[in-house]
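No hydrogens, no waters, no symmetry mates; every other heavy atom, side chains included, goes into these values. All chains are named by letter (A, B, ...) in the order of the sequence lines, taking the proteins before the strands, and each is independently numbered beginning at 1. Note that this is a predicted model, so its numbers are computed, not measured.
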There are 2 protein chains.
Amino acid sequence: MARLKDVAQLAQVSVSVASRVLNNDEGARINADTRKRVFEAAEQLAYVPDHRARALRLARAGAIALVVPEVNNAIFANLHAGVQEICHESSTAVFVAQLDPPEDDSRSLARIIGNGRVDGVILQRSEQYSDEALRRAIQLDIPVVLFNSTLEGHVGSVAMDDAGSVNVALEHLRGLGHTDIAFIAGAAQHDAAARRLVAFRELLGASGAPVRDEWIVPAGWEAPAGAEAMRSLLELPERPTAVLVASVNASIGALSAALAAGVRVPEELSIVTIHDTWQAEYVTPSITTVAMPMHAAGQWAASMVLDHLSGSPLRDEVITSPAPRLVVRSSTSAPRR
Amino acid sequence: MARLKDVAQLAQVSVSVASRVLNNDEGARINADTRKRVFEAAEQLAYVPDHRARALRLARAGAIALVVPEVNNAIFANLHAGVQEICHESSTAVFVAQLDPPEDDSRSLARIIGNGRVDGVILQRSEQYSDEALRRAIQLDIPVVLFNSTLEGHVGSVAMDDAGSVNVALEHLRGLGHTDIAFIAGAAQHDAAARRLVAFRELLGASGAPVRDEWIVPAGWEAPAGAEAMRSLLELPERPTAVLVASVNASIGALSAALAAGVRVPEELSIVTIHDTWQAEYVTPSITTVAMPMHAAGQWAASMVLDHLSGSPLRDEVITSPAPRLVVRSSTSAPRR
DNA sequence: GGGTTGTGCACAATCGGTTGCGCTACTAGT
DNA sequence: ACTAGTAGCGCAACCGATTGTGCACAACCC
């Protein structure tokens with residue numbers, strides 16, 4: 001691999017001149033002819049600057065990390081696309097890393113990220129991290145933007161409009177005539193799940209519909225948890241006519257369990273969920289969802305990190321635009337009286 | 001962030017001694033007491049070596065890239081886990097990067113990977129890369145191991161036992177009594193898809209069952225393509241009693257299309273597919289699959305890259321162990337006569 | 001012509017580590 | 001007591017880039 005030295009030699013100049021030419025250093029006074037020779041030499045040798053040396057000298061890695069608990073997560077793809085898009089504009093590489101459950105070692109994130117490997121981190125919190133563990137994990141000297149969660153005392157986060165999404169779902173169900181509405185909640189420790197739960201209670205109550213504790217079932221983000229929650233819901237003496245599931249993968253599990261129990265969806269039970277993924281469209285019946293602006297959120301998060309590197313302060317943002325959008329499919333209908 | 005110099009100062013030694021101690025340099029003769037002081041100083045300052053400097057000096061980035069066409073791909077999670085596992089053992093970071101469709105620029109991969117950013121690459125080929133484009137893209141000076149695909153003239157690949165997986169699926173269908181079997185193939189350009197298609201033709205023919213060209217429908221890896229293929233299959237005057245779908249996401253699309261057309265699965269049509277993911281379990285009816293050893297394949301690929309960095313040659317491997325494993329669910333049954 | 005200004009380039013320090021080699025003491029052998 | 005050997009540590013070069021500064025020379029002024 002050609003180094004800058006080789007380029008300089010071929011162009012008959014010093015490395016410093018070669019460097020200035022290739023970086024389009026405005027302040028430098030360089031003869032047009034010399035400039036041309038350097039460009040040609042670089043072209044001829046297919047010169048690509050060494051990122052290690054560059055990073056060392058500039059104290060800038062030119063990359064950020066997107067740390068997620070689970071790469072196969074449904075919402076991850078859109079998030080990633082948004083992040084990638086912004087970073088591409090500033091030639092910043094995006095590295096995805098998976099942060100496994102907290103270890104005894106409090107410096108786990110530092111080990112993954114390394115020191116100087118990336119300039120910033122976007123972190124999607126795992127259900128399994130307590131506030132304390134998370135706080136320890138993000139003790140880095142680079143900016144950390146929390147995605148879809150907040151942490152007391154930490155500035156730098158991008159969250160979704162959880163209350164708004166719950167509202168869209170409930171409005172849809174209410175418009176169909178439902179009042180007996182259950183909620184399959186997310187993991188209790190997760191603050192996004194907590195916000196949705198609070199919103200559900202408040203908004204449902206405000207609409208005058210009954211808020212019944214036994215119809216609020218804690219679960220998790222994934223399909224097995226959703227299935228389990230649905231089964232326990234169906235064992236109750238009185239059943240709701242509709243269920244709002246806090247997350248799409250869980251709703252797929254919930255639907256599966258309902259069908260397995262012989263419940264007809266949507267005739268006997270309507271199901272609506274938050275987040276939209278292709279799977280929701282391809283199960284039968286397809287699931288009505290509230291599409292969240294994951295892509296935009298990814299863009300926001302990436303911008304926040306990159307801007308911070310240029311001096312802007314970190315902030316705590318809630319993405320309200322584009323607003324949560326209802327995607328009506330076949331899992332919801334008017335209740336059968 | 002503390003540097004090695006700070007550690008050395010605190011321990012009252014030179015940086016070279018500090019370096020040797022912290023790297024457990026066997027050859028170095030260092031007093032036990034000095035050693036202890038250095039360790040304590042490093043601990044006290046929470047010293048983490050700067051990866052940029054280390055990488056520059058050692059000409060080793062301590063990281064490899066896992067490049068995939070689509071991070072949300074069903075098989076990606078297992079692959080990633082396998083890679084991660086091996087790399088963790090040798091303290092190598094794993095970076096996931098998404099390689100978008102080929103651009104005019106032939107150095108696209110080089111741009112993503114950078115120069116010196118990683119020591120090796122595991123690349124899952126996109127359907128959209130022609131042999132030529134792929135060949136240009138992997139012109140790097142670091143080892144590239146192709147995952148689940150091969151490239152003429154390129155050594156370094158890990159492929160799955162495609163013929164074996166098709167065989168397991170067909171054996172299952174034959175055991176149930178099916179002879180009228182269709183095939184929803186993968187993308188024609190993709191060589192893994194091509195291998196499965198060849199295997200299907202040969203193995204089905206060898207079993208004495210009819211191999212009908214109109215029952216072999218080219219599609220793609222994802223759900224919409226599978227749905228489209230199923231629709232065209234259902235329009236034929238004569239229908240098969242079973243369908244083998246080349247990939248799990250496509251099979252979910254295919255199932256969805258079949259149910260939408262009023263076809264009862266598995267009574268009127270059995271569906272079996274290759275690769276196992278949680279979605280296959282949670283659609284209704286759940287889909288019978290052939291689980292492939294993605295995790296092991298990821299381990300192989302990672303080992304191959306890491307070993308190569310220690311001098312071992314690259315090879316072309318086919319993962320036959322663990323063997324493709326049938327996971328019987330509810331989408332297959334004996335044909336209704 | 002002497003002085004000033006400006007152009008075009010190279011030198012060398014620097015980023016934070018790693019490592020070959022040399023230097024100093026101290027021990028041991030004769 | 002003199003030499004040889006070795007333990008323990010530091011010096012300094014180096015990896016490949018960036019950048020402040022200095023130097024040589026030409027062009028210009030009055």
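Checked by atom type and distance alone, the side chain of B:Asp6 never pairs as donor or acceptor with a backbone atom of B:Ala2 at under 3.5 Å.
Rounded to whole angstrom, the span from the CZ atom of A:Arg37 across to the P atom of C:dG8 amounts to 13 Å. In this structure, B:Asn24 places its CG atom 13 Å from P of C:dT19, rounding to the nearest Å. As a whole-Å value, the separation of A:Arg3 CZ from D:dA17 P is 8 Å. With rounding to whole Å, A:Leu58 atom CG is found 12 Å from C:dT14 atom C1'. Rounded to a whole Å, the CG atom of A:Asp33 is 14 Å from the C1' atom of C:dC9. As rounded to whole Å, 9 Å separates atom C1' of C:dT18 from atom CG of B:Asp25. Taking atom CG of B:Leu56 as the reference point, atom P of D:dA13 lies 17 Å away to the nearest angstrom. Here the P atom of nucleotide D:dT19 and the CG atom of A:Leu22 are 13 Å apart, to the nearest Å.
In this model, no donor atom of one side chain and acceptor atom of the other lie less than 3.5 Å apart for A:Gln98 and B:Gln84. Inspection of the A:Thr320 and A:Asp161 side chains reveals no N or O donor paired with an N or O acceptor under 3.5 Å. Side-chain contact annotation: B:Asp191 with B:Thr150, donor-acceptor N/O pair under 3.5 Å present.
Comparing C:dG16, C:dA10, D:dG22 against the side chain of A:Arg29 picks out D:dG22 as the nearest.
Remark: A:Tyr47 is in phosphate contact with D:dA17, judged by side-chain N or O atoms under 4.0 Å from OP1 or OP2. A close approach under 4.0 Å does occur between a side-chain nitrogen or oxygen of A:Ser19 and OP1 or OP2 of D:dT18. Taking only side-chain nitrogens and oxygens, A:Arg54 never comes nearer than 4.0 Å to OP1 or OP2 of D:dG16. Residue B:Asn31 places none of its side-chain N or O atoms closer than 4.0 Å to OP1 or OP2 of D:dA7. Under 4.0 angstrom from either OP1 or OP2 of C:dC9 there lies at least one side-chain N or O belonging to A:Thr34.
More than 12 heavy atoms of other shown residues, nucleotides or ligands fall within 6.0 angstrom of atom CH2 in B:Trp221.
Checking B:Arg57 against B:Arg20, the closest nucleotide of DNA chain D that is more toward the 5' end is the one next to B:Arg20. The nearest heavy atom of DNA chain C to B:Ser16 and to B:Arg52 marks one nucleotide each, and the one closer to the 5' end goes with B:Arg52.
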